[in-house]
Amino acid sequence: MTALPRGAAPGPSSSDDPTAAEPEPGAPAETGEPGGSAGAEDAGEGDGAGETPGEEPAEQSTEPAEEPTEQGAEESAQAPGEGAPEGQGQALSEAEAELAAQRALRARIEQRKAEQGGPIEAGTKLSGKAADLLAAVRAVESGAKPGAAFLDSPAPAPRRPAPAPAASPRPAVPVSAPAPRTAGADTVAAVRAVLAEGGAPEALAVPVATELGEQAADALRADPWRLLEVPGVRPEQADGFARALLGPACGPGDERRTTALIGRLLQRAALEGHTALEAAAVRASLAGQSVPDPDEAVQHAIAEGTVLVFHDGPDDEAAAEESEDATADPAADPVPVLLGLDRYALAEESLADGLARLARTGPDARWEAAEPTALSRAVAEHGLVAHTGGETARAEPLALAAAARGLGLRAAVAAYTENGRRRLGADAAVDAVTVAGLLSGAEGPGRDEEGALALDLLVVLDAPQLDVETAAMLVESLPDGCRLVLSGDPGVLWSAGAGRVFADVLAAGACPHIASRTPDPGPLGELVSGIGIGELNQVEAPGKEVVIVPVRDAGEAVHRTVQLVADSVPRAIGVPAGQTQVITVGHGGSAGTRALNAALKQRLNPGPGRFGGFDPGDRVAYAPALGRTVPGTVVSADAEGLHLDCEGERVVVPKERVESAVRHGWALTAHQAAGMRWPAAVVVLPGDAAQGLHRAWVYTAFSRAERHLSVVHGVDQALPRAVAEIPPPPRTTRLRALLESLLAAPEE
């Protein structure tokens, strides 16, 4: 019998290996970064931290989960090719079209900011409405005033009421747009000169110019702390740069510095999955950055429009009285005041409005002829339906889409990843699309004259992977009367981007919830089902579907992982190395993705890494956008960039983006692997990964295997304890409160 330990981990024994193979001569004893903590490397692994190359987790983590460019760091290996031609008039790729759609959403944010009026002059004190606003913030947080009292304050981002289903306008979403923004040579040269003057590395010139635009050099000279807008730059580095440019006159309380710190804090929080933070937490973080008056810094940031203030409390008079009574009780906690970035505020409010519009959509007589199932009955009566279940339960929404097409309705099924789309099978794949492809217009039914998707039913699989911005674009694209089914496994990790859309929809009770009773089969299904309810059960695995490989230290974990992928699993299970995915807790540490990828490349595809660290045949993880990981294989490189084969699609990554968007992909984190499955998976749990484990992480990692799961086990009691006791790290979001408020209000 092959089993996962309920108590102590099994003692070291090669009998748990699929082949009981002896260690291979010359295998590396230890690879990576000794002393690093894989758990700390991705402190928010379950929160979306560090899952995209070039991004970094929020303040809680001990170091960036990726390898962003930092001041003082040397440039990485030379990118593929030289002299890439500029301005080539090629057709838009799916990634470019997706980024264009995101820029369109953010353009509306900028327009709304402009309509709110200009900011106050830097260095002046707040007065009038701004001062009243912050006074209300303090009063609510302290409990001196009821939460409802804050609702009388003018909100920077007023909530729009949900439109009536019959009359709500459908905004057009661009299907194509200009290629992603690139910086001109003159702009980069000017930025490079400013960076040199401030002692910053020239490697930052391109990202700074791209981030700040044509006037980047002037903007950086006027406000050196804008350097913090580039991922990977730390506050102490920006402080040194500012002192070199401005001299001793700039101090820790400089309003330019505090504003930049607040913006950076909220952006890093978004990488951890939060769409907002409590005002008290923001002030505490500022105090930790030596800001002399955090309260005044927050006031200034609000007045400048850098952040918005939210208080999603009760709206009616009765609730206000209850709030007043509650705040009179010293033991009662006041409703927290939240601070957030406008991009996530607009996305979350737009999403709430759109979901409320769908939820209020009434019955559709066209569904009366459908075969009666729990799911079809719910869809016939409601415009928004949630469906939950495991991998096998995906057949139910697929059958719903087939039934809709049989009724003559326009239906589409959207998986979050290309891997997920292909798992639907050859027949379903003809009609299935990816979420990114649907939004970009590269896949799916296209759009009508008003810009809405030409659909009567949209089924979204892997719904837990939707972040608020992607979900907002998706819901905004649906025409009135369209049915939306959000389907997914509630036990997996939440999105890599900001928000927890699916969980908030379920928690708000915004729509009917159909829970599938179809279990996943076999030992793997039994194991994962038990983890979902907090039990790490022993399972019978006569076909070696589940194997435990105990290890003593990280060096042995790396060695046994390479042995499993390259030899044991192919020989005993019949799954080749190219179809076996390694999953671990974090990017750093002595057995994180960096160390494992180095060891696996050395064994499976050794080479000098002449194309920016890559060779033809390397397995890679390509990040076309924040929160998206696409597995691929290096084909070649030339002046255009690095050529990849991403599950059948040819992708060219420009040489300047290789370092930030491509990493080796033999080993992934669980968040990168979410939404995808492989014939075999090897989950690596070295001792220093224990602090990064929780139930959702284990559930996600173990459920990535279709036929075989090997667990390289070195965390002893931490594994059953994580499954039984540790929930995923919480996220601060507003969607649930917004939905509850909108659905409780009478229709206009």
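Remember, predicted model here, so these are calculated numbers, not experimental data.
- The side-chain heavy atoms of L227 and Q237, taken from C-beta on, include no pair separated by under 4.5 Å.
- Between the CZ atom of R234 and the CG atom of L228 there is a distance of 11.0 Å, given to the nearest 0.5 Å.
- In this structure, a donor-acceptor pair under 3.5 Å is absent between the side chains of T187 and E214.
- Summarising the geometry, atom CG belonging to L246 is positioned 12.5 Å from atom CZ belonging to R257; distances are rounded to the nearest 0.5 Å.
- Residue W225 forms a side chain to side chain contact (heavy atoms under 4.5 Å, CB included) with just one option from T259, T258, D239, and that option is D239.
- In this structure, R500 is positioned above the aromatic face of W494, its NZ or CZ under 6.0 Å from the six-membered ring centre and within 45° of the axis.
- For the pair S590/D688, a side-chain contact is recorded, criterion being any heavy-atom separation below 4.5 Å from C-beta on.
- Between L341 and Q267, the closest side-chain pair of non-hydrogen atoms falls below 4.5 Å.
- Rounding to the nearest 0.5 Å gives a distance of 11.5 Å between OG1 of T732 and CG of L339.
- Looking only at side-chain heavy atoms (C-beta outward), D504 and L738 stay at 4.5 Å or farther from each other.
- With sequence neighbours excluded, no residue forms a side-chain hydrogen bond (donor to acceptor under 3.5 Å, both in side chains) with E725.
- The backbone N or O of L493 sits less than 3.5 Å from a side-chain atom of Q465, completing a donor-acceptor pair.
- Within the 4.5 Å cutoff, the side chain of E272 has no heavy atoms near those of the R731 side chain.
- Ionic pairing of R221 and E197 is present here: one or more N-O contacts between side-chain nitrogen and carboxylate oxygen are shorter than 4.0 angstrom.
- For the pair S285/L265, a side-chain contact is recorded, criterion being any heavy-atom separation below 4.5 Å from C-beta on.
- Taking both residues in full, the closest heavy atoms of V468 and G499 are given as CG1-CA, 3.8 Å, listed atom of the first, atom of the second, then distance.
- Side-chain N or O atoms of E469 include none that pairs as donor or acceptor with a backbone N or O of A347 at under 3.5 Å.
- Of all the heavy atoms in A591 and T584, the pair that sits closest is O-OG1, 3.3 Å.
- For the pair T669/Q672, a side-chain contact is recorded, criterion being any heavy-atom separation below 4.5 Å from C-beta on.
- Of the possible polar contacts, none joining the R628 side chain to the Y416 backbone as a donor-acceptor pair under 3.5 Å is found.
- Between E349 and R734 there is a salt bridge, since a side-chain N of the basic residue sits under 4.0 Å from a carboxylate O of the acidic one.
- Not a single donor-acceptor pair under 3.5 Å links the side chain of T470 to the backbone N or O of L466.
- A distance-only check finds no donor-acceptor pair linking the side chain of S741 to the backbone of A737 [under 3.5 Å].
- Atom CG of L245 sits about 9.0 Å away from atom SG of C250, to the nearest 0.5 Å.
- Note: D223 CG to D218 CG = 12.5 Å, rounded to the nearest 0.5 Å.
- Remark: the backbone N or O of A345 is not paired with any side-chain donor or acceptor of D342 at under 3.5 angstrom.
- At least one donor-acceptor pair under 3.5 Å links the side chain of N597 to the backbone N or O of H664.
- Here the closest heavy-atom approach between residue A200 and residue F241 is recorded as CB-CD1, 3.9 Å.
- Using a 4.5 Å heavy-atom cutoff, the side chains of T733 and H274 are not in contact.
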R736/E740 under salt bridge (charged side-chain N to carboxylate O under 4.0 Å, His left out): CA gap, chis, key distance, verdict: CA-CA 6 Å; R736 177 180 178 178; E740 290 174 342; 3.0 Å; yes
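- Side chain of R695 to backbone of A724: a donor-acceptor contact under 3.5 angstrom is found.
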